[in-house]
Peer 1: 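Following this message is one structure expressed as structure tokens.
Model, not experiment: these values are computed from the prediction.
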Amino acid sequence: MESIFEETTYNSVLDRIAHIDETTERQWGKMSAAQMFCHCQFPLALALGRETLKKPNFLMKMVMKSFKTSMYDDKLWKQGLPTVKRFKVTDDKNLAEEKSKLTALVKDFHQEKSKTSWEPHPAFGEFTRDQWGQMQYKHLDHHLRQFGV
């Protein structure tokens with residue numbers, strides 16, 4: 001699995017983000033490009049300690065644990081997977097602003113490539129450095145493919 005910590009992958013992600021504009025049409029789903037950019041910011045900000053997430057109850061924690069490896073394995077996520085209500089973006093967003101914010105977060109996250117100790121994810125628990133990089137790439141890749149880039 002590719003990782004946002006790898007230079008080539010990092011540069012590719014930034015290039016793919018740059019290629020999305022007002023005329024780029026989604027291939028599936030309901031979010032506009034601006035909404036998608038906003039949606040993609042949260043996992044990066046969470047990993048960087050700039051956002052928080054309420055810890056799930058015991059039952060939800062067990063459910064999340066069963067999905068943990070799918071966060072960083074080589075299998076692509078299916079098109080049209082439902083988005084958890086907390087992470088849905090339904091209001092109008094400014095594409096240029098959201099694109100700029102996402103680009104900055106990708107750059108900030110990539111700068112953490114030498115970090116060896118990470119706080120546990122509130123829902124999924126412990127991830128290694130490599131898993132954090134792979135997980136962030138997989139989420140971004142899923143949504144960039146959603147817009148054909």
Side-chain angles (χ1 to χ4, degrees), residues 1-20 24 26-89 93 95 97-149:
M1 169 56 60
E2 292 184 66
S3 169
I4 203 75
F5 293 140
E6 297 166 357
E7 214 58 41
T8 304
T9 301
Y10 163 71
N11 289 321
S12 173
V13 165
L14 291 178
D15 185 58
R16 292 166 70 190
I17 291 169
H19 277 87
I20 296 176
T24 308
R26 65 180 172 260
Q27 310 296 304
W28 73 82
K30 297 178 183 174
M31 288 187 285
S32 68
Q35 290 169 327
M36 177 273 293
F37 285 148
C38 180
H39 167 82
C40 287
Q41 293 168 32
F42 185 80
L44 292 159
L46 182 68
L48 291 166
R50 299 177 189 171
E51 288 284 351
T52 59
L53 181 64
K54 184 178 157 190
K55 291 186 178 188
N57 63 36
F58 177 77
L59 180 61
M60 280 307 295
K61 198 172 230 179
M62 297 310 291
V63 170
M64 300 297 265
K65 191 173 185 175
S66 70
F67 291 108
K68 184 174 178 175
T69 58
S70 71
M71 300 300 292
Y72 54 83
D73 66 16
D74 287 330
K75 294 179 185 174
L76 295 178
W77 289 339
K78 293 180 179 163
Q79 297 177 3
L81 284 173
T83 302
V84 176
K85 188 176 181 177
R86 162 76 169 85
F87 305 111
K88 283 186 180 178
V89 179
K93 297 291 181 184
L95 186 114
E97 287 177 20
E98 299 304 328
K99 184 181 204 176
S100 177
K101 289 177 189 176
L102 178 59
T103 299
L105 281 165
V106 169
K107 289 177 178 180
D108 290 350
F109 187 80
H110 177 73
Q111 291 302 313
E112 299 293 322
K113 63 184 174 245
S114 298
K115 187 175 176 178
T116 57
S117 178
W118 292 79
E119 290 295 316
H121 189 283
F124 293 104
E126 297 288 335
F127 286 109
T128 66
R129 173 203 168 275
D130 290 342
Q131 290 166 342
W132 274 109
Q134 293 163 344
M135 175 171 79
Q136 296 299 340
Y137 170 75
K138 188 169 183 177
H139 184 242
L140 289 166
D141 176 65
H142 175 75
H143 287 292
L144 294 172
R145 285 186 299 103
Q146 180 183 9
F147 284 84
V149 296

Peer 1: For Asp73, does its backbone N or O pair with a side-chain atom of Lys138 as donor and acceptor, under 3.5 Å?
Peer 2: yes
Peer 1: Do Lys54 and Arg86 have side chains that get closer than 4.5 Å, going by heavy atoms?
Peer 2: no
Peer 1: With a 4.5 Å limit on heavy-atom distance, are the side chains of Asp15 and Val149 in contact?
Peer 2: no
Peer 1: Would you say that more than 12 heavy atoms from the other residues, nucleotides or ligands in this model lie under 6.0 Å from the CD of Glu119, or not?
Peer 2: no
Peer 1: Using the side chain to side chain contact (heavy atoms under 4.5 Å, CB included) definition, which of the options Gln27, His19, Met36 pairs with Phe147?
Peer 2: Met36
Peer 1: Check for a donor-acceptor pair, side chain of Lys68 on one end and backbone N or O of Glu126 on the other, with a separation under 3.5 Å.
Peer 2: yes
Peer 1: Donor-acceptor pair, distance only, cut-off 3.5 Å: does the side chain of Ser66 make one with the backbone of Val63?
Peer 2: yes
Peer 1: Enter the distance from Arg129:CZ to Ser114:OG here, rounded to the nearest 0.5 Å.
Peer 2: 7.0 Å
Peer 1: To the nearest 0.5 Å, what is the distance between NZ (Lys107) and CG (Leu102)?
Peer 2: 11.0 Å
Peer 1: Drop me the distance from Tyr10's OH to Leu140's CG, to the nearest 0.5 angstrom.
Peer 2: 12.0 Å
Peer 1: Would you tabulate the side-chain donor-acceptor contacts of residues 37-46 under 3.5 Å, counting partners in other chains and residues two or more places apart, or write 'none'?
Peer 2:
| residue | atom | partner | partner atom | Å |
| --- | --- | --- | --- | --- |
| His39 | ND1 | Phe87 | O | 2.9 |
| His39 | NE2 | His139 | NE2 | 3.1 |
| His39 | NE2 | His143 | NE2 | 3.2 |
| Gln41 | NE2 | Phe37 | O | 3.3 |
| Gln41 | NE2 | Glu98 | O | 3.2 |
| Gln41 | NE2 | Glu98 | OE1 | 2.7 |

Peer 1: Test side-chain contact (heavy atoms from CB on, under 4.5 Å) on Met135 and His121; report intermediate values, then the result.
Peer 2: CA-CA 11 Å; Met135 175 171 79; His121 189 283; 4.3 Å; yes
Peer 1: Is there side-chain contact between Leu76 and Asp141, with heavy atoms separated by less than 4.5 Å?
Peer 2: yes
Peer 1: If you compare all heavy atoms of Thr83 against all heavy atoms of Lys88, which two are closest, and at what distance to 0.1 Å?
Peer 2: O-CE, 3.1 Å
Peer 1: Does any N or O in the side chain of Trp28 come within less than 3.5 Å of the main-chain N or O of Leu81, such that one atom is a donor and the other an acceptor?
Peer 2: no
Peer 1: Where is the tightest heavy-atom contact between Pro122 and Leu53, given as atom of each residue plus distance?
Peer 2: CB-O, 3.5 Å
Peer 1: Establish, for the pair Lys115 and Phe109, whether the NZ or CZ atom is under 6.0 angstrom from the six-membered ring centre and no further than 45 degrees off its axis.
Peer 2: no
Peer 1: Check Ala47 against Trp132 and note the closest heavy-atom contact, atom names and distance.
Peer 2: CB-CZ3, 3.4 Å
Peer 1: Between CG of Asn57 and CE of Met62, what distance do you get to the nearest 0.5 Å?
Peer 2: 11.5 Å
Peer 1: State whether a side-chain donor-acceptor pair under 3.5 Å links Lys113 with His110.
Peer 2: yes
Peer 1: Distance check, rounded to the nearest 0.5 Å: Gln134 atom CD versus Met71 atom CE?
Peer 2: 12.0 Å
Peer 1: Decide yes or no for Gln146 and Met31: does some side-chain heavy atom of the first lie under 4.5 Å from some side-chain heavy atom of the second?
Peer 2: yes
Peer 1: Distance from Tyr72 atom OH to Asp74 atom CG, nearest 0.5 Å?
Peer 2: 11.5 Å
Peer 1: Without swapping roles, check the side chain of Asn11 against the backbone of Glu7 for a donor-acceptor pair under 3.5 Å.
Peer 2: yes
Peer 1: Is the side chain of Lys99 donor-acceptor paired with the backbone N or O of Ala18 at a distance under 3.5 Å, no angle test?
Peer 2: yes
